[in-house]
Amino acid sequence: MSLQRLLRVRAPTRQFLRSSVGPSRLRWSSGVSYPLQLASVTPQHAALYKESLVNPARFWGDLARSKLHWMEDFTQTMDCDMSGDRLKWFLGGKINVSVNLLDRHVETDPTKVALIWERDEPEDHQIITYQELLDETCRLGNLLKRDGVRKGDRVAIYMPVSPVAVAAMLACARIGAVHNVVFAGFSAESLRARIIDGGVSVVMTADEGVRGGRGIPLKSVVDDAVEGVESVRRVFVATRTGSKVNMDPVRDVPLEQAMSSESRVCPPEALDSEDSLFMLYTSGSTGRPKGLVHTQAGYLLYAALTQQYAFDYHPERGDVFACVADIGWITGHSYVVYGPLCNGGTTVLFESVPTYPNPGRYWEMVERLKVTHFYTAPTAIRMLLKFGDSWVSKYDRSSLRTLGCVGEPLNDEAWLWYNNVVGEDRCTVVDTWWQTETGGIMISPRPSPDDSTPKPGLPMTPFFGIEPALVSPETGRVLEGPNVSGHLCIQRPWPGMARTIHGDHDKFINTYYRPYPGLYFSGDGARRDAEGHYQITGRVDDVINVKGHRIGTAELESCVDQNESIAETAVVGYPHDTFGEAIYAFMVPMEGVAVDEEELVADIQASIRKKIGSFAVPQRYLIVPGLPKTRSGKIMRRILKKISADQPEELGDTSTLADPAVVQLILTKHSDKYVS
Ligand code: WT7
C-alpha cells in the first residue's frame with residue numbers, strides 16, 4: 001500500500017501566505033489531512049512502521065513535503081551514515097521554521113489561540129493568538145537585526161516561561177540566529193560557561209522570574225554571568241515583575257520599549273534545512289556540559305510528528321496541550337513550542353510549580369483551561385500522589401484524554417495513580433522515552449501496533465523510522481530476539497537527531513557513535529520483552545537523573561573537589577521515593593585536615609548552588625577515609641552505588657580492589673549515619 005494511502009493524504013491544495021513571503025517563492029503543499037485518530041493509525045501501524053524502515057527516504061520525504069511549508073523544495077531526503085559525521089536531511093531545501101509555526105496558521109485563522117500563559121500567580125492566565133505571537137516575533141526579529149544580529153549568531157535566552165520567551169526563540173528562527181536557551185534556574189557561573197562556550201553576543205532576560213510566589217533575580221544573575229565576557233555586547237531586559245534592576249547604559253536595553261517601535265512585518269530568512277536552529281546544553285558523564293546542536297527542517301518535522309502521533313493530538317478539535325516543562329529543557333523546546341505550534345495547536349506555558357499555591361495547582365488549571373493533553377515528569381507525579389487524591393478529585397478533569405510523562409522511569413505506583421486517579425482510568429498514559437540528543441520522542445506506547453490499554457511500564461514501541469538495538473556491553477554485539485537486556489542504541493538515522501556538539505565534534509562522535517560503531521549510543525539500558533516491547537532501565541553511564549534532570553557526576557565531583565579540605569570525591573545516585581534518584585557524595589578529606597562535617601557540607605552546598613544550581617545539591621554526604629578503586633586507580637562507583645542503595649549483600653567481588661578494607665569502613669560509616 002502506498003504511504004499516501006496509509007496516511008490518507010489528500011491531494012495537496014496550494015495555499016499562499018499573504019504577508020511577508022511572496023507566493024512565487026513558495027512550493028509547498030498544504031491542506032494535507034492525516035488520520036484523525038490514532039485508532040485509525042493503529043490497524044495500519046505495522047504497515048506504516050515497516051514502510052518507514054524499508055523505504056525511509058520516501059517515508060520521510062513524503063512527510064516533510066506534506067507536513068512542512070518549504071520556500072524551496074529539497075532535492076535529496078537524506079544523506080546519512082551512522083558514524084556521526086554525515087547526518088544531513090532534506091538537502092537543498094529552504095525553509096523558515098517560524099513561518100511553519102506562525103504565518104501559515106495566521107493565514108488560516110489569525111484569532112486562534114497559540115499560547116495560554118499560566119502565570120505563577122494562581123488562577124491567572126493570559127491568551128495569545130497566532131496573530132499576536134507572529135507580531136511579537138516579527139518585532140523582536142527586527143529589533144535583533146537592527147542590533148546587528150545576523151544569521152548564525154548565537155543568542156542566549158535566560159527568561160521565565162512566558163510568551164516573550166517563546167517570541168524570542170521564534171524571532172531567532174525567523175532571522176536565522178541560533179538560540180541558546182538556558183534554564184532560568186541555572187546559576188550565574190553555569191550561565192556564564194554556556195555563554196562563553198556558545199560564543200553568545202546577545203542575551204535576552206527579564207528583570208525577575210517568579211516561581212511559587214518567590215522572585216528570582218534573573219537580571220542580576222545575568223550581570224554576574226556576563227561580567228567581563230567580551231563577546232556579549234547587548235542584554236535585552238523584559239519586564240516580568242517591574243522590580244528595579246541595574247541597567248548598564250551602554251549594554252542593557254529595556255526590551256518592550258525597544259520592540260514597540262519595530263515593525264510587525266519581518267521577512268523570514270530562507271534557511272538551509274541543515275542550518276542550526278538552536279543549541280541546548282546537557283550534562284554528560286565527563287567534564288563540561290555539551291551544547292547539542294539541532295538543525296531546522298529535520299528537528300521541526302520530528303517534533304511535530306511525534307507530538308501529533310505519540311499524544312494523539314488534534315488541533316482541529318480545539319485540543320489544549322499542556323506540557324508543564326520549562327522551556328529551558330528539550331521537552332519545553334519540542335513539546336511546549338515547536339511541536340504544538342507547528343501543528344497549529346494551542347499550547348500552555350506553565351510558569352509555576354506543581355504545589356503553588358497548593359498541590360491542586362495542575363488540576364485546577366486543567367479544569368479552568370480545559371486541558372486535553374497533560375505532559376509532566378514522573379517526579380512530579382510521585383510528589384503529588386503523596387498529598388492524597390482529594391487535591392485531584394475536587395477538580396473536573398473530564399477534558400483530559402492523554403497523560404504523558406518523560407525524564408526517568410515511571411514506577412508502577414506512579415503509573416497507577418496517574419492512570420486511575422488523575423485519568424479516572426479513561427485516559428491514555430504515554431510514558432515516552434527520548435533525550436536532548438534525539439530531538440523528539442523515540443519509544444512510547446503510542447503510536448502502536450495494538451490499541452490495548454497501556455499497562456504500567458509497558459508496552460513501549462519505537463516511533464516510525466526508529467529501529468532500536470540492544471547491545472551487550474561485554475561483547476559489543478547486537479542482541480537479537482525477545483527477552484534480552486543491553487545498552488540501548490539506535491540503528492538508523494532519524495530527522496530529529498542532534499547533528500553535533502557545538503565546538504566539539506570529536507566529543508560528539510566519541511560520546512554517541514564510537515562506543516558501538518555504526519550505532520547511536522543513548523547512554524541508557526533497556527530490556528525487550530517477549531512481545532518486542534521495550535522497558536527503559538536507566539542510565540548505564542555516570543549520569544545521575546534527579547527529578548528528571550541530568551547531572552553529570554564528573555561536573556559535580558570537580559565542583560566538590562575544589563573545596564580545599566577535600567582531596568577526592570565520588571558522587572553516585574541512589575534510589576529516592578520522590579526524586580527517582582538522589583545524590584550521594586562520598587568525600588575524602590585532605591591528609592591531616594580536621595574537618596567539621598556540618599561546616600564542610602554547608603560550604604559545599606553553597607558552592608554547588610553557585611557553580612551549577614540548587615537542583616544539583618546532593619542529599620547525602622559521607623566523609624570517608626578513601627574510595628574503592630581498582631588497582632589502576634579507577635573509582636568503582638558500582639560499589640558505592642550498592643552501598644548507597646543499602647544493598648551491601650550485592651557488593652560482589654571486592655578482592656580485586658586496591659584496598660578492599662576501605663569498603664567495610666565506608667559501609668559501617670554509611671550504616672551509622674543513614675540506616676536506622
Ligand atoms: C535521559 C534524557 C527528553 C526529555 C527529558 C529529559 C531519561 C527520559 C525516560 C523514560 C526512563 C527516561 C533517560 C535519558 N529518560 N525519558 N520514559 N523512562 N528514562 O531529557 O535531560 O536529555 O535526559 O532521561 O536516562 O537518557 P534529557
Side-chain angles (χ1 to χ4, degrees), residues 15-23 25-26 28-32 67-71 94-117 126-145 151 155 157 161-179 181 204 259 262-271 275 277-278 296-297 299-301 303-305 307-308 313 315-316 318-321 323 327 332-349:
Q15 279 190 2
F16 303 110
L17 288 175
R18 269 179 245 118
S19 55
S20 29
V21 187
R25 300 189 56 190
L26 298 172
W28 69 54
S29 54
S30 75
V32 171
K67 187 97 188 141
L68 302 181
H69 285 185
W70 293 88
M71 290 164 159
K94 296 270 186 211
I95 194 164
N96 187 282
V97 167
S98 77
V99 168
N100 278 274
L101 267 61
L102 303 173
D103 306 58
R104 62 172 171 162
H105 305 312
V106 167
E107 167 95 353
T108 334
D109 180 3
T111 62
K112 173 148 188 178
V113 176
L115 311 176
I116 305 178
W117 186 22
Q126 286 183 9
I127 277 174
I128 289 91
T129 65
Y130 271 92
Q131 180 72 63
E132 287 165 341
L133 186 56
L134 175 61
D135 292 352
E136 296 295 277
T137 298
C138 286
R139 284 201 172 96
L140 256 170
N142 286 329
L143 178 62
L144 290 175
K145 278 202 293 196
K151 186 183 150 187
V155 173
I157 298 176
V161 177
S162 54
V164 66
V166 175
M169 293 164 77
L170 302 189
C172 290
R174 194 146 192 103
I175 68 172
V178 179
H179 62 70
V181 183
M204 308 187 78
M259 273 170 79
E262 294 292 341
S263 157
R264 51 188 200 91
V265 176
C266 174
E269 194 77 26
L271 298 165
D275 281 336
L277 175 62
F278 65 85
Q296 311 278 331
Y299 168 79
L300 182 64
L301 178 68
L305 281 177
Q307 196 251 342
Q308 180 181 3
Y313 182 70
E316 77 289 351
D319 284 358
V320 175
F321 197 83
C323 166
I327 50 160
H333 283 56
S334 300
Y335 300 112
V336 175
V337 181
Y338 288 105
L341 295 179
C342 185
N343 288 328
T346 297
T347 183
V348 173
L349 307 177

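Sequential numbering from 1 along the given sequence is applied to the chain's residues.
Checked by atom type and distance alone, the side chain of Asn142 pairs as donor or acceptor with a backbone atom of Val265 at under 3.5 Å. Within the 3.5 Å criterion, the main-chain N or O of Asp319 finds a donor-acceptor partner in the side chain of Tyr313.
Between Leu277 and Ala173, the shortest heavy-atom contact is CD1-CB, 3.9 Å. Closest non-hydrogen pair, Ile95 versus Asn100, comes out as CG1-ND2, 3.5 Å. Taking each heavy atom of Trp70 and Ala297 in turn, the nearest pair found is CH2-CB, 3.4 Å. Taking every heavy atom of both residues into account, Ser334 and Pro340 meet most closely at O-CD, 3.5 Å. Closest non-hydrogen pair, Gly141 versus Ala171, comes out as N-CB, 3.5 Å. Closest non-hydrogen pair, Ile157 versus His179, comes out as CD1-CB, 3.9 Å.
Checked against side chain to side chain contact (heavy atoms under 4.5 Å, CB included), Asp135 has the following partners two or more places apart in sequence or in another chain: Gln131, Arg139, Arg264. Taking the salt bridge (charged side-chain N to carboxylate O under 4.0 Å, His left out) definition, one finds that Lys145 meets it with nothing, sequence neighbours left out. Applying the ring pair (Phe, Tyr, Trp, His ring centres under 6.0 Å) test to Tyr299 and every residue at least two apart in sequence or in another chain returns Phe278, His294, Tyr338. For Lys112, there are no salt bridge (charged side-chain N to carboxylate O under 4.0 Å, His left out) partners, not counting sequence neighbours. For Ala114, the side chain to side chain contact (heavy atoms under 4.5 Å, CB included) test picks out Tyr130, Leu133, Leu341, with sequence neighbours left out. Applying the salt bridge (charged side-chain N to carboxylate O under 4.0 Å, His left out) rule to Glu269 yields no partners; only residues at least two apart in sequence or on another chain are considered.
A heavy-atom distance below 4.5 Å is found between the side chains of Leu300 and Leu101. A heavy-atom distance below 4.5 Å is found between the side chains of Met71 and Pro268. With contacts defined as side-chain heavy-atom distances shorter than 4.5 Å, the pair Asn343/Lys67 qualifies. The shortest distance between side-chain heavy atoms of Met169 and Thr137 does not fall below 4.5 Å. Residues Cys342 and His105 fail the side-chain proximity criterion, which asks for heavy atoms closer than 4.5 Å. The shortest distance between side-chain heavy atoms of Ile128 and Glu136 does not fall below 4.5 Å.
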For this session: Show your reasoning for whether side chain to side chain contact (heavy atoms under 4.5 Å, CB included) applies to Val99 and Arg174.
Result: CA-CA 8 Å; Val99 168; Arg174 194 146 192 103; 4.1 Å; yes
For this session: Could you walk me through whether Thr347 and Leu115 pass the side chain to side chain contact (heavy atoms under 4.5 Å, CB included) test, one step at a time?
Result: CA-CA 5 Å; Thr347 183; Leu115 311 176; 3.6 Å; yes
Problem set entry | Candidate pair His69 and Glu107, rule side chain to side chain contact (heavy atoms under 4.5 Å, CB included), full reasoning | CA-CA 13 Å; His69 285 185; Glu107 167 95 353; over 6 Å; no
For this session: Take Val320 and Val113 through the test side chain to side chain contact (heavy atoms under 4.5 Å, CB included) and record every step on the way to the result.
Result: CA-CA 10 Å; Val320 175; Val113 176; over 6 Å; no
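Taking CD1 from Ile116 and OG1 from Thr346, the interatomic distance works out to 6.0 Å, rounded to the nearest 0.5 Å. Taking CD1 of Ile327 as the reference point, atom CG of Leu349 lies at 8.0 Å (rounded to 0.5 Å). The line from CE of Met259 to CG of Leu140 is 4.0 Å long, rounded to the nearest 0.5 Å. Between the CG atom of Leu143 and the CD1 atom of Ile175 there is a distance of 9.5 Å, given to the nearest 0.5 Å. Taking CG of Asp103 as the reference point, atom SG of Cys138 lies at 6.5 Å (rounded to 0.5 Å).
Results of the side chain to side chain contact (heavy atoms under 4.5 Å, CB included) test with Cys172 over Val97, Leu144, Val178 single out Leu144 as the only residue that passes.
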